[in-house]
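Just so it is clear, the structure is predicted and the values come from calculations on it, not from any experiment. Naming: A, B, ... by sequence-line order, numbering from 1 per chain.
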Amino acid sequence: MFQIPYHTLRPATTAHLAQTMTLLSLTVGQLKQQIDTELSTNPALELVEERRCPTCRRLLPERGVCPVCSCPSSTLIDEPVVFLSPREDFYTGSGSSAERPDEDDFSVEEDNLAAYVLRQIAPELDPQDRRLAAYLLTNLDEDGLLAIPVVEVAKYFHIAPAQVKNVQRIIQRADPLGVGSSSTREALLVQMDVLGDIQFVPPLARRVVEEGMDLLSHRQFAELARYMGVSVRQVQQVVKFIGENLNPFPARSHWGDIRHPVAPNLHVYQQPDIIINFMNDNPKNPLIVEIVLPLSGTLRVSPLFRSAIQQASDEKKEAWKGDMERASLFVKCIQQRNHTLRRLVQRVVSLQRDFIVHGEQYLKPVTRSLISRDLDVHESTISRAVANKTVQLPNRRIIPLANFFDRSLNVRSILRDIIAEESSPLSDSQLVDILAQRGINVARRTVAKYRSMEGILPAHLRQSVVQQT
DNA sequence: CTATGGCACGGATT
DNA sequence: AATCCGTGCCATAG
């Protein structure tokens with residue numbers, strides 16, 4: 001774990017330390033802004049347009065992802081491969097997505113979601129469809145579902161409903177997958193469609209959503225099984241699959257989030273800071289972890305500038321010298337940032353591999369302080385690095401990096417499973433006993449809290465509810 | 001009387 | 001030092 005002599009890289013001055021800290025806590029988008037301003041204000045700083053693979057040190061041919069993914073040597077590595085990935089093209093749009101999240105708390109979520117989606121799909125639309133799309137997107141509810149009927153929209157625009165549906169279909173395939181659907185059912189169907197390209201989707205899941213959505217959303221699994229003519233066990237598997245891979249409310253990061261509808265979701269719409277994938281999308285291959293960098297190339301102190309300084313007049317010399325020092329400090333800080341981030345991610349990913357591959361139940365209770373001890377850095381360093389960052393998992397879901405440190409997420413998700421699988425409604429104290437059998441000791445009160453966090457109804461309301469409006 | 005939600009306290013985490 | 005989280009106690013609903 002300690003291969004790298006870290007001390008050699010330790011910041012020497014307090015200024016270095018402070019700047020590294022701030023850089024560490026930045027999102028990719030924010031980092032890009034930072035670098036951009038630094039580049040334009042400081043003549044001593046220079047961007048060398050070189051694209052070199054950070055792991056195999058080979059020059060990269062063109063834009064795109066690093067070909068190390070197909071490096072024959074890397075297929076032998078068992079540890080997850082972590083590397084820094086230049087993805088300039090991600091962030092060339094308006095810098096708006098990079099705004100610091102805490103500043104504007106009002107009117108953000110819908111605006112941002114709509115704008116975010118529109119930016120993705122705008123290129124493939126002609127101008128009038130673009131207007132249509134914008135109109136649709138302004139009519140999303142807080143769950144990311146379309147709040148008005150398609151027919152209404154068609155009337156409003158005096159066009160055929162089919163055309164509206166066409167645009168809707170494009171919207172649905174944009175990033176919060178299923179966004180702009182007319183119902184949770186539709187959202188799930190779209191998600192399964194797209195997911196089907198990269199992962200196995202149980203055929204029964206599709207049938208259940210298509211035909212038995214009512215029963216499914218009321219969690220009446222016994223009923224559902226009978227209606228579909230399959231065993232309860234099969235239904236349970238489908239439910240598990242849906243819970244792990246799909247999300248009926250596209251705007252929520254996952255369906256437990258009804259508690260805090262806005263705040264934790266702010267950063268969900270951003271591009272991820274870290275992307276985790278299987279090599280070639282094949283689950284048998286090792287994990288590839290990309291730490292997204294906002295530019296392609298290396299920053300350095302311009303050698304031209306360095307030599308020019310000799311011939312400068314005395315008063316200029318002073319100013320330029322300052323520039324140069326700032327530049328080299330900045331470069332060091334960036335390197336420092338990337339280095340810590342890389343080590344952090346490396347450690348976390350190998351600890352939480354099960355979580356990444358198999359889902360929330362397998363999340364291990366890892367704390368930031370544990371990592372900090374492992375990496376021999378201060379706790380606050382880890383905190384800063386984790387804060388405000390997002391990760392894209394192999395199943396294409398984007399979650400906050402902080403989720404990797406959530407102590408209770410796994411228990412919550414096991415709880416979800418238990419409730420989904422047992423047919424007769426279990427009271428909280430019974431749930432406590434069952435959890436205890438699985439080696440999880442929590443208080444009765446805590447189970448109640450988790451339940452409400454997951455949006456699960458109390459026992460007496462759970463199954464006895466027959467179809468009501 | 002049982003099941004659950006609210007409030008608040010203490011310890012851990014950041 | 002500030003915040004989050006699990007938990008205990010108590011009130012309330014069924």
Those residues that, when tested against A:Glu46, pass side-chain hydrogen bond (donor to acceptor under 3.5 Å, both in side chains) (two or more places apart): A:Arg300

Contacts of A:Ser429 that satisfy side-chain hydrogen bond (donor to acceptor under 3.5 Å, both in side chains) - sequence neighbours left out: A:Ser427

Sugar-phosphate only, base, or nothing, as touched by A:Ser408 at under 4.0 Å among non-hydrogen atoms: sugar-phosphate

Residues that A:Glu211 engages under side-chain hydrogen bond (donor to acceptor under 3.5 Å, both in side chains), provided they are two or more places apart: none

Qualifying residues under salt bridge (Lys or Arg N to Asp or Glu O under 4.0 Å), relative to A:Arg206, sequence neighbours excluded: A:Asp193, A:Glu210

Closest heavy-atom pair and its distance - A:Thr340, A:Thr381: CG2-CG2, 4.4 Å

Those residues that, when tested against A:Ser183, pass side-chain contact (heavy atoms from CB on, under 4.5 Å) (two or more places apart): A:Arg185, A:Glu186

Residues in side-chain hydrogen bond (donor to acceptor under 3.5 Å, both in side chains) contact with A:Asp406, at least two apart in sequence or another chain: A:Ser408

Atom-to-atom span, CG of A:Leu426 to C1' of B:dA3 - whole angstrom: 13 Å

Range on DNA chain C touched by chain A, heavy atoms, distance below 4.0 Å: C:dC5 to C:dC9

Every protein N/O lying under 3.5 Å from an N/O of nucleotides 7-14 of chain B:
unit_1	atom_1	unit_2	atom_2	d
B:dT14	OP1	A:Arg368	NH1	2.8
B:dT14	O3'	A:Ser383	OG	3.0

Rounded distance in Å - CD (A:Gln430) to C1' (B:dT2): 11 Å

A:Asp433: side-chain contact (heavy atoms from CB on, under 4.5 Å) partners, not counting sequence neighbours: none

